[in-house]
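Data first, discussion second: the structure below is written as structure tokens.
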There are 2 protein chains.
Amino acid sequence: MAKRVSIKDIANKVGVSTALVSYVLNGLEKEKRIGPEVVKKIHEAVKELNYQPNQIARSLRKGSTSTIGLIVADISNPFFGQLARVVENEAAQFGYAVVFGSSDENAANSAILIKTLVNRQVDGLILAPPEGSAEQIKYLMNQGIPFVLVDRYLPDISTNRVVLDNYNATYSAVKCFVANGYRRITLVAYKSTLVHMRERIRGYQEGMKDNGLSDFIVVKEVRYNQIKEDMEAIMTGLLNERGMDAVLFATNALSISGLYAIRKSEVKVPEELAVIGFDGHEVFDFFQPPLSYIQQPLEEMGKESVRVLIDQIRGSQKTVHIEMRHQLITRKSCG
Amino acid sequence: MAKRVSIKDIANKVGVSTALVSYVLNGLEKEKRIGPEVVKKIHEAVKELNYQPNQIARSLRKGSTSTIGLIVADISNPFFGQLARVVENEAAQFGYAVVFGSSDENAANSAILIKTLVNRQVDGLILAPPEGSAEQIKYLMNQGIPFVLVDRYLPDISTNRVVLDNYNATYSAVKCFVANGYRRITLVAYKSTLVHMRERIRGYQEGMKDNGLSDFIVVKEVRYNQIKEDMEAIMTGLLNERGMDAVLFATNALSISGLYAIRKSEVKVPEELAVIGFDGHEVFDFFQPPLSYIQQPLEEMGKESVRVLIDQIRGSQKTVHIEMRHQLITRKSCG
DNA sequence: AAGTTAGAATTAAACGTTTAAGCAGTGCTT
DNA sequence: AAGCACTGCTTAAACGTTTAATTCTAACTT
């Protein structure tokens, strides 16, 4: 690796001190009353030597890295991939770069990632906390490290967060089913104590109750790391019994996994079974007939997370709780 | 932000110099002949104060950051999302973190990203170079910055690279079509001079020729940033003419976009039109009937990229060109 | 007794920036 | 002639590590 050009090389070439070079590079030539010829010479030398600032040195001195960390469950999951993209763009607007990590919904992984990123002195974190990560979140608070929770949050700790109106989302999905004549509606969710999941479940349950369907409430829970097996078992059970006429999936991955099972059976959608998915991706449109889904305002969620985080980084003392409105996209599978 | 604990705090607490603390933290207690009681005391103090090393300071001093940069076209594209995930995991194995950026197939964006990441002193880069990025790549070479190209490469410059056997991929897709009785096979590709695309086109063309179908060669090219409009126009044209009985898409995004158009028309797949996609995602299975696709060995590509890059970072002088074998996954849409 | 060796620690420079503080020199005021 | 204000620059410390060089003491050789 060819030795990089430093501020010192510029200073030597022009015959001034490094301080002047630094001032000029930071646009302080007026404020620091630097002679115009010197300014010009410095700019020339910078061009000529193709000087590139060393962000690491800068970070060390300034105590901030202009980097934010993003910890999601899985970057290869389109939901988080899209979120990452929005975060990347928005962060770039503010001059921040993004380091990411996937926790796989595992608290131990999350702890390692947080430690790694904090040691790398990220200025702040955007994270989707997995189950059992309360200690880590408290640690961040104690250390005064700015962060924003996204997608889920911890009910016992008041932190900055940007989440969906999960309760309303499933509530309105149930309503949609009911409006279209479905009654025996099943919810397939993740087995999790995380609030977003509990809220989705609660929204479903209340929706059923409010529509006089308490007797038909069925909530099936799938384990995150055994999604295939669990889904297989649950769906074949459900489909064989023929006791349900509609199914609501509580996440993106669950929707896709569930659809596999449905397709394997010969059940007709929506004649025999109505389906609503979550975090719809455009590919949901390919299911025959196209799938209805609850859509999250990813663009806004991502942008808002970054903005809130940067506010925190800049010293804001407020704690903000943002709840975004879902949108129910109805296709032929329901409605 | 509560002032962080530094090596100096440990040194003060124990009553030794910072050098000793550093040695102990780096496991050099034997080599540097440090007294056993001191070692113990240092370890205790580290625990007690919950010391976390400052990677930035470390990086500055050591001249390496244990960070790699990943520049893809779009992290929200499942192909790159999955690749990113593999890269993340593999990099973590070697103690590297990953900073990412999306170029949107735009050379100017790519240039900015490269500059940003290089200024942040990443130890190396994995990148999918967009069209017109030759200068940037040469710059990296001149600077001696380790990097690996992935997915595509520049034919005029010999660099480390990990790519698919693009030529064979489309060639064998054509073969599959032909074996199943299709003749009027159209290729829909990106309008691009990038080698991977040219190779995919060439594979198709040669495949057609070798099967005596020279007269039926039709290659349509779609612009990356106008994919919807172009695809719309092309597909309606193709479908109206009814001059084709099979279509091959040259990327993931093209496949999805093309399928939209196909579904809008009332054309039956595979009776009236056979389809093969690229970079198949599991969701391709949902198309009715399931779509055949060319599958890239993403897991291996990602891992290999990281390994090659780390080899370079460690000083390897070899330049490696790795071509991975595709796999043709045939579903009912062809075969 | 002088010299060597080994063990255990310290010192201080270095990485590339930023930035507070200081210092000349000039010209102006009184 | 002394004081002041301005202009334009330099000095040097600091950020938190790593690490080569050095120092000190005690024990061991001859």
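Heavy atoms only: backbone and side chains are in, while hydrogens, waters and symmetry mates are out. Note on naming: letters A, B, ... go to the chains in the order of the sequence lines (proteins, then strands), and numbering restarts at 1 for each one.
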Using atom names, set out every protein N or O paired with an N or O of nucleotides 12-17 of chain D below 3.5 Å, distance rounded to 0.1 Å.
unit_1: D/dA14; atom_1: N3; unit_2: A/Arg61; atom_2: NH1; d: 3.0
unit_1: D/dC15; atom_1: O2; unit_2: A/Arg61; atom_2: N; d: 3.2
unit_1: D/dG16; atom_1: N2; unit_2: B/Ala57; atom_2: O; d: 3.3
unit_1: D/dT17; atom_1: OP1; unit_2: B/Tyr51; atom_2: OH; d: 2.8
unit_1: D/dT17; atom_1: OP1; unit_2: B/Asn54; atom_2: N; d: 3.2
unit_1: D/dT17; atom_1: OP2; unit_2: B/Ile7; atom_2: N; d: 2.8
unit_1: D/dT17; atom_1: O5'; unit_2: B/Tyr51; atom_2: OH; d: 3.2

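In this model, no donor atom of one side chain and acceptor atom of the other lie less than 3.5 Å apart for B/Gln55 and B/Ser66. A donor and an acceptor atom, one from each side chain of B/Asp104 and B/Ser102, are nowhere located under 3.5 Å apart. A donor-acceptor contact closer than 3.5 angstrom links the side chains of B/Ser110 and B/Gln136. When only modelled atom types and interatomic distance are considered, A/Asn119 and B/Gln52 share a side-chain donor-acceptor pair under 3.5 Å. Of the N and O atoms on the side chains of B/Asn50 and B/Arg4, not one donor lies less than 3.5 Å from an acceptor on the other residue. A/Thr159 and A/His321 form no side-chain donor-acceptor contact under 3.5 Å, judged by distance and modelled atom types alone. No hydrogens or angles considered: a donor-acceptor pair under 3.5 Å links the side chains of A/Arg120 and B/Thr67.
Of the residues in residues 31-47 of chain A, those with a non-hydrogen atom less than 4.0 angstrom from any atom of DNA chain D are A/Arg33, A/Ile34, A/Gly35, A/Val38.
Put simply, CZ on A/Arg33 and CG on A/Leu28 are 12.0 Å apart, with the number rounded to the nearest 0.5 Å. To the nearest 0.5 Å, atoms CD (A/Gln143) and CG (A/Leu140) are separated by 8.0 Å.
The interatomic distance linking B/Leu25 (CG) with D/dT19 (P) rounds to 13 Å, in whole Å.
When each of B/Tyr23 and A/Val21 is assigned the nucleotide of DNA chain C with its nearest heavy atom, B/Tyr23 is the one assigned upstream, toward the 5' end.
Between the A/Thr65 side chain and the A/Gln121 main chain, a donor and an acceptor come within less than 3.5 Å of each other.
The C1' atoms of five pairs define one axis at each end of the helix from C/dA1-D/dT30 to C/dT30-D/dA1, and these two axes lie 80° apart (to 10°).
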